[in-house]
S.K.: 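First the structure, which I've put down as structure tokens, then a few questions once you've had a look.
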Amino acid sequence: MCAQSQKNQYILNLTRCCTQNCEICAVDALYAPSVSQCADLAHKEQNAGRELNIVQWCSIVDKLLAADPTIELDVSGGDCLALPWVCHRLIPYILDRVHDRGQVSVTSTADSLSIWLKELAGSSTEKRPGTVHITYDGNRSYSYTNLQLSHDIRELDIDVHAECPLTFENCTSKVVHEIYEAVREAEIQELLLMRFFPVGRGSNPNCGRSVEPSGDSYRQTLEEFL
């Protein structure tokens, strides 16, 4: 019996612009306080040649799928859904070219995600990605808003996966149980536990050293989740 080969997965980081201003952001995101301001900021970054535009991203998608039609693509950022061309052009472009919508996922924050979900309500299932990834760490306020959208996402026949960056704040038995119960009650079937990445703003010694768990803390937290 042959083992099923694992598909190659690619994360398309479309923008550094974001509606959140997390102090440990690994991509050192460029903050804009609203979805519209985030879109305007991303447009300026593209015009300055620091970010790619829709034509360039479509070309990249074509080349990746030509090399391997079975790859999985995650549309991410920053707050990628704040950029209108991502919702209206890039995601439909990708969905039209993959064999299965399960090959496509989206990672974004609730600010733009809630707007996009309302737009998807009138579309057919084939026009929707297979999965939405949300960040939920049981600590930062915006992650609670993300989690509240899980029901709306599933109502559109889209799977929901949660990603939990582990920091000093949530590596305690009490918070681990709170995170697990919240994710379970939201009927989310997969929780990705992520180590703290000391890059971007997380590389700041005044920030990173205060939130990065020790090796023992990581091990104890993983055991508690298991």
Side-chain angles (χ1 to χ4, degrees), residues 6-7 9-11 13 16 18-29 31 33 72 74-81 102 105-114 117 129-226:
Q6 187 171 356
K7 293 181 179 180
Q9 299 175 322
Y10 293 85
I11 299 175
N13 283 308
R16 285 176 59 209
C18 190
T19 52
Q20 303 300 318
N21 195 24
C22 301
E23 72 278 9
I24 60 171
C25 178
V27 300
D28 197 11
Y31 174 61
E72 295 178 351
D74 180 54
V75 178
S76 186
D79 196 349
C80 63
L81 290 179
S105 60
V106 174
T107 302
S108 195
T109 67
D111 294 62
S112 59
L113 184 56
S114 58
L117 292 176
T131 309
V132 165
H133 300 280
I134 61 170
T135 299
Y136 181 74
D137 67 359
N139 182 63
R140 287 164 181 80
S141 59
Y142 86 93
S143 69
Y144 293 96
T145 311
N146 287 345
L147 193 68
Q148 291 171 359
L149 291 175
S150 61
H151 174 76
D152 296 336
I153 297 170
R154 289 197 312 277
E155 283 289 296
L156 294 171
D157 196 25
I158 301 173
D159 197 10
V160 189
H161 293 176
E163 301 173 349
C164 179
L166 295 177
T167 59
F168 177 78
E169 300 111 324
N170 59 19
C171 281
T172 67
S173 177
K174 178 178 181 295
V175 179
V176 166
H177 282 263
E178 290 173 350
I179 291 171
Y180 179 82
E181 287 302 321
V183 171
R184 185 182 64 81
E185 289 176 7
E187 299 182 25
I188 293 175
Q189 300 299 311
E190 180 175 301
L191 174 65
L192 173 66
L193 301 178
M194 304 169 63
R195 58 161 290 191
F196 173 78
F197 295 103
V199 294
R201 286 200 284 275
S203 64
N204 185 331
N206 296 326
C207 171
R209 290 173 185 168
S210 65
V211 298
E212 184 170 13
S214 66
D216 286 341
S217 183
Y218 272 130
R219 284 187 285 270
Q220 292 168 5
T221 301
L222 292 174
E223 289 174 2
E224 193 70 32
F225 270 110
L226 290 173

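Heads up: numbering here begins at 1 and tracks the sequence. These numbers come from a predicted model, not from an experiment.
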S.K.: Please determine, by modelled atom types, if Ser105 and Asp74 share a side-chain donor-acceptor pair under 3.5 angstrom.
M.R.: yes

S.K.: If we only count heavy atoms from C-beta on, is the Cys164 to Ile179 side-chain gap below 4.5 Å?
M.R.: yes

S.K.: Any idea which heavy atoms bring Ser203 and Pro198 closest together, and the distance?
M.R.: CB-O, 3.4 Å

S.K.: What do you reckon, is CG of Leu156 surrounded by more than 12 foreign heavy atoms closer than 6.0 Å?
M.R.: yes

S.K.: Check whether any side-chain heavy atom of Val106 sits under 4.5 Å from a side-chain heavy atom of Ile158, and report yes or no.
M.R.: no

S.K.: How long is the straight-line distance from CZ of Phe225 back to CG of Leu193, given to the nearest 0.5 Å?
M.R.: 5.0 Å

S.K.: Residues two or more places apart in sequence or in another chain: which of them pass side-chain hydrogen bond (donor to acceptor under 3.5 Å, both in side chains) with Gln9?
M.R.: Glu72

S.K.: What distance separates Phe197 CZ from Cys25 SG, expressed to the nearest 0.5 Å?
M.R.: 12.5 Å

S.K.: Per the salt bridge (charged side-chain N to carboxylate O under 4.0 Å, His left out) rule, what does the pair list look like for residues 136-149, sequence neighbours excluded?
M.R.: Glu23-Arg140, Asp137-Arg140, Arg140-Glu169

S.K.: Quick one: side chain to side chain donor-acceptor pair (under 3.5 Å) pairs with a partner in residues 177-187, sequence neighbours left out?
M.R.: Lys174-Glu178, His177-Glu224, Glu181-Arg184

S.K.: Give me the atom names and distance for the closest heavy-atom approach of Ser143 to Gly138.
M.R.: OG-N, 4.0 Å

S.K.: Can you tell me which residue pairs pass the ring pair (Phe, Tyr, Trp, His ring centres under 6.0 Å) test with a partner in residues 130-159, sequence neighbours excluded?
M.R.: His133-His161, Tyr136-Tyr144

S.K.: Could you check whether any side-chain heavy atom of Ile188 comes within less than 4.5 Å of a side-chain heavy atom of Leu147, counting everything from C-beta outward?
M.R.: yes

S.K.: Can you find a heavy atom in the side chain of Leu113 that is under 4.5 Å from one in the side chain of Ile153?
M.R.: yes

S.K.: For Arg16, check side-chain hydrogen bond (donor to acceptor under 3.5 Å, both in side chains) against everything at least two apart and list the hits.
M.R.: none

S.K.: Report yes if the side chains of Ser217 and Phe168 come closer than 4.5 Å at any heavy-atom pair, otherwise no.
M.R.: no

S.K.: Can you tell me how far SG of Cys171 sits from CD of Glu212, rounded to the nearest 0.5 angstrom?
M.R.: 10.5 Å

S.K.: Quick one about Thr135 and Asn146 (side-chain donor to acceptor, distance below 3.5 Å, no hydrogens or angles considered), yes or no?
M.R.: no

S.K.: Please find the pair of heavy atoms, one from Asn170 and one from Pro165, that lie closest to each other, and give the distance.
M.R.: ND2-O, 3.0 Å

S.K.: In the structure I gave you, are the side-chain heavy atoms of Val175 and Asn139 within less than 4.5 Å of one another anywhere?
M.R.: no

S.K.: If the condition is side-chain hydrogen bond (donor to acceptor under 3.5 Å, both in side chains), which residues does Thr109 pass it with, not counting sequence neighbours?
M.R.: Thr19, Asp79

S.K.: For the residue pair Asn21 and Arg201, establish whether any side-chain heavy-atom pair is separated by less than 4.5 Å.
M.R.: yes

S.K.: Return the minimal non-hydrogen interatomic distance between Cys80 and Ser76, and the atom names on each side.
M.R.: CB-O, 3.1 Å

